[in-house]
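A short worksheet on the structure shown next.
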Amino acid sequence: MWDLLLRGGRVIDPDSGRDGTADVAVRAGRIAAVAPALPATEAARTVDATGRLVLPGLVDLHTHLWHGATYWGLDPVALAWRTGVTTWVDAGSAGAYAMDGLRRTVAEPAPFRVHALINVSGLGLVGRTGEHHVLDNLDVDAAVAVAAQQGDLVRGVKARIDRHTVGEHGVEPLRRAALLARRIERPLMVHIGYGPPGLADVEPFLDEGDILTHCATGVAPDLVVDGRPTDALKRLRDSGVVFDLGHGSGAFDFDVLEAELAAGVAPVVSTDLHIRSVYGPAFDLPTVMGKAMAAGMDLTRTIAAVTVRPARALGLDAGTLAVGARADIAVFDMEEGAFPTVDVHGGVRDAPLRLTNTATYAAGRLLEPHAAQAPPVWVPLSDAQRRAEDERRARVRASVQHLDRPEDFDEPFPRPTGAQR
């Protein structure tokens, strides 16, 4: 017997090239079969997915999850169940001094998968910025030892390289981060923003398979000039560096992304979701997917950019519906139309599709509804944002109170309201 059978949905799995109506069967937390017209009599439980998209569980390559211990951290449990994200990558919240805490308080208790990029600074992101100001905290030997201890949790290295984080030290923090990545044989993710250092300074430290995040930011002057990618960006494109969207609070510009797409840059789509961007303008990964489609990425390309491609970038067993893979599954309603989306500078583009998550399964188990806590005191919210978030929490609490079982959900989960968007 199968434990679960999702019937009649449009299954899109870029890893296998599948796009068509099919059923998905789950046994013991793994994908048991994907094919049309599987027998319902063989399943302990069936769910009708007719008219909906059935996707591999989404992989968000760039998030910040160490809530209660860092400036940027948020609780992913309050988001995963209504967004389809089943694999979360924390991008540098913890360094060598605190990676064990991230494991024990976030990764191990989570009902889904959490991986991490170790910050080259032992301090991690306990503060808003400045983690590289004291070079004594960038102890490569200590970070190598900690990464070895943490095993599969640590999938790469993170370094924020802009004038606020590096202070007077220029590219020295980046040099140490690259050394750390080579020693642990994992990819390096480099954050760019307000320079110096600029992209030309960062370029020599990035090898094939490394990741340039915030690739469509509008504040780095040497990504796109007069609507054309710079030579440094094109060299990185040609060298096999992975471009990561990393939307965040201030790192997404439609003009930049459109110029990059026209030049053959194919970014991974991630949120840089943290305790400030979760209230807007990023909100969640389905919202950022809509913005990618508004900039010109089609549906299949966008799904690949949030499933198999980020999984491959970090060598993760995720982002696929292959038989035998872990049964991480995301179910969405899809609405066609013209849906306004905004970048961080107020630029507007219409997305041709709107995706609304209706169910998220991690290892075959439906994630239960979970209301978010109130934002911490250091997060500045507008009155409209605060009202919208209060309304969301009230709706989620009311939904939970009126359900005997989480699987009784058959309507789309609450989305950000117009005031939030």
Side-chain angles (χ1 to χ4, degrees), residues 61-62 72 91-92 120-121 125 128-133 158-178 188-207 210-272 274 276-277 280-282 288 291-292 294-297 341-349:
L61 189 70
H62 187 157
W72 300 101
V120 66
S121 169
L125 302 182
R128 186 182 65 82
T129 190
E131 62 268 21
H132 301 327
H133 285 192
K158 173 68 181 298
R160 296 198 296 179
I161 303 300
D162 61 42
R163 67 172 182 256
H164 302 297
T165 56
V166 303
E168 64 184 15
H169 300 303
V171 297
E172 177 59 19
L174 179 55
R175 186 191 69 79
R176 297 191 189 193
L188 168 64
M189 176 186 281
V190 178
H191 149 128
I192 58 170
Y194 291 99
L199 189 63
D201 301 311
V202 168
E203 178 198 349
F205 295 92
L206 295 177
D207 289 344
D210 287 337
I211 303 165
L212 183 79
T213 194
H214 307 314
C215 72
T217 178
V219 304
D222 48 358
L223 276 171
V224 172
V225 177
D226 295 329
R228 300 173 66 87
T230 62
D231 290 342
L233 186 148
K234 289 187 285 188
R235 287 193 297 268
L236 289 171
R237 175 202 62 192
D238 296 341
S239 69
V241 165
V242 175
F243 288 81
D244 172 46
L245 200 60
H247 186 300
S249 296
F252 176 69
D253 185 298
F254 275 121
D255 291 334
V256 175
L257 179 57
E258 288 163 354
E260 291 175 339
L261 292 173
V265 173
V268 168
V269 174
S270 73
T271 57
D272 183 19
H274 50 68
R276 296 182 66 161
S277 65
V288 177
K291 298 184 186 190
M297 294 176 63
T341 65
V342 298
D343 65 19
V344 303
H345 307 292
V348 179
R349 303 288 190 277

Would you sort out whether L212 and D244 count as a side chain to side chain contact (heavy atoms under 4.5 Å, CB included), showing the intermediate values? CA-CA 6 Å; L212 183 79; D244 172 46; over 6 Å; no
Does the T165 side chain pair with the main chain of G130, one donor and one acceptor, at a distance under 3.5 Å? no
Is the backbone of A295 close enough, under 3.5 Å, to the side chain of R349 for a donor and an acceptor to pair up by distance? no
Exactly one of L188, V166, L206 clears side chain to side chain contact (heavy atoms under 4.5 Å, CB included) with L174, and that residue is L188
Shortest non-hydrogen contact from A282 toward G248: CB-O, 3.9 Å
Nearest heavy-atom approach of L257 to A216 is CB-CB, 3.9 Å
V242 and V268, any side-chain heavy atoms less than 4.5 Å apart: yes
Stepwise, does the side chain to side chain contact (heavy atoms under 4.5 Å, CB included) test hold for L236 with F243? CA-CA 9 Å; L236 289 171; F243 288 81; 3.9 Å; yes
Taking atom OG1 of T341 and atom CZ of F254, what is their separation to the nearest 0.5 Å? 3.5 Å
Does any N or O in the side chain of D162 come within less than 3.5 Å of the main-chain N or O of I192, such that one atom is a donor and the other an acceptor? no
Looking at every non-hydrogen atom in both residues, tell me the closest pair between P173 and G170 and how far apart they are. CD-O, 3.5 Å
Would you indicate whether the side-chain heavy atoms of E260 and L223 approach each other to under 4.5 Å? yes
Check whether any side-chain heavy atom of M189 lies under 4.5 Å from a side-chain heavy atom of D210, and answer yes or no. no
Backbone of H164 reached by a side-chain donor or acceptor of H133 within 3.5 Å: yes
Return the CG to CD distance between D343 and E258, rounded to the nearest 0.5 Å. 9.0 Å
Compare all side-chain heavy atoms of P267 with those of L261 and state whether any distance is below 4.5 angstrom. yes
Quick one: does W72's side chain have a donor or acceptor within less than 3.5 Å of a partner on R128's backbone? yes
With no hydrogens and no angle check, just 3.5 Å: does a side-chain donor-acceptor pair link D272 and H247? no
Could you go step by step and tell me if E203 and V241 meet the side chain to side chain contact (heavy atoms under 4.5 Å, CB included) rule? CA-CA 10 Å; E203 178 198 349; V241 165; over 6 Å; no
Give a yes or no on whether the backbone of V190 and the side-chain of T213 come within a donor-acceptor separation of less than 3.5 Å. no
Backbone N or O of R160 within a donor-acceptor pair of the H132 side chain at under 3.5 Å? yes
Student check: side-chain heavy atoms of K158 and V120 closer than 4.5 Å: no
With sequence neighbours excluded, tell me which residues meet side chain to side chain contact (heavy atoms under 4.5 Å, CB included) with A251. H214, T217
What heavy-atom pair brings K291 and P281 nearest, and what distance separates the two atoms? NZ-O, 2.7 Å
Non-hydrogen atoms of S270 and H62 that approach each other most closely: OG-CB, 3.3 Å
Verify, without hydrogens or angle tests, whether D238 (side chain) and R235 (backbone) share a donor-acceptor contact under 3.5 angstrom. no
Under a 3.5 Å distance rule, please check whether H274 uses its side chain to pair with a backbone N or O of S277 as donor and acceptor. yes
Scanning both residues in full, the closest heavy-atom pair of A259 with P229 reads O-CG, 3.9 Å
Taking atom types as modelled, find out whether T230 and D222 have a side-chain donor-acceptor pair closer than 3.5 angstrom. no
Are D231 and R237 within salt-bridge range, i.e. N to O under 4.0 Å? no
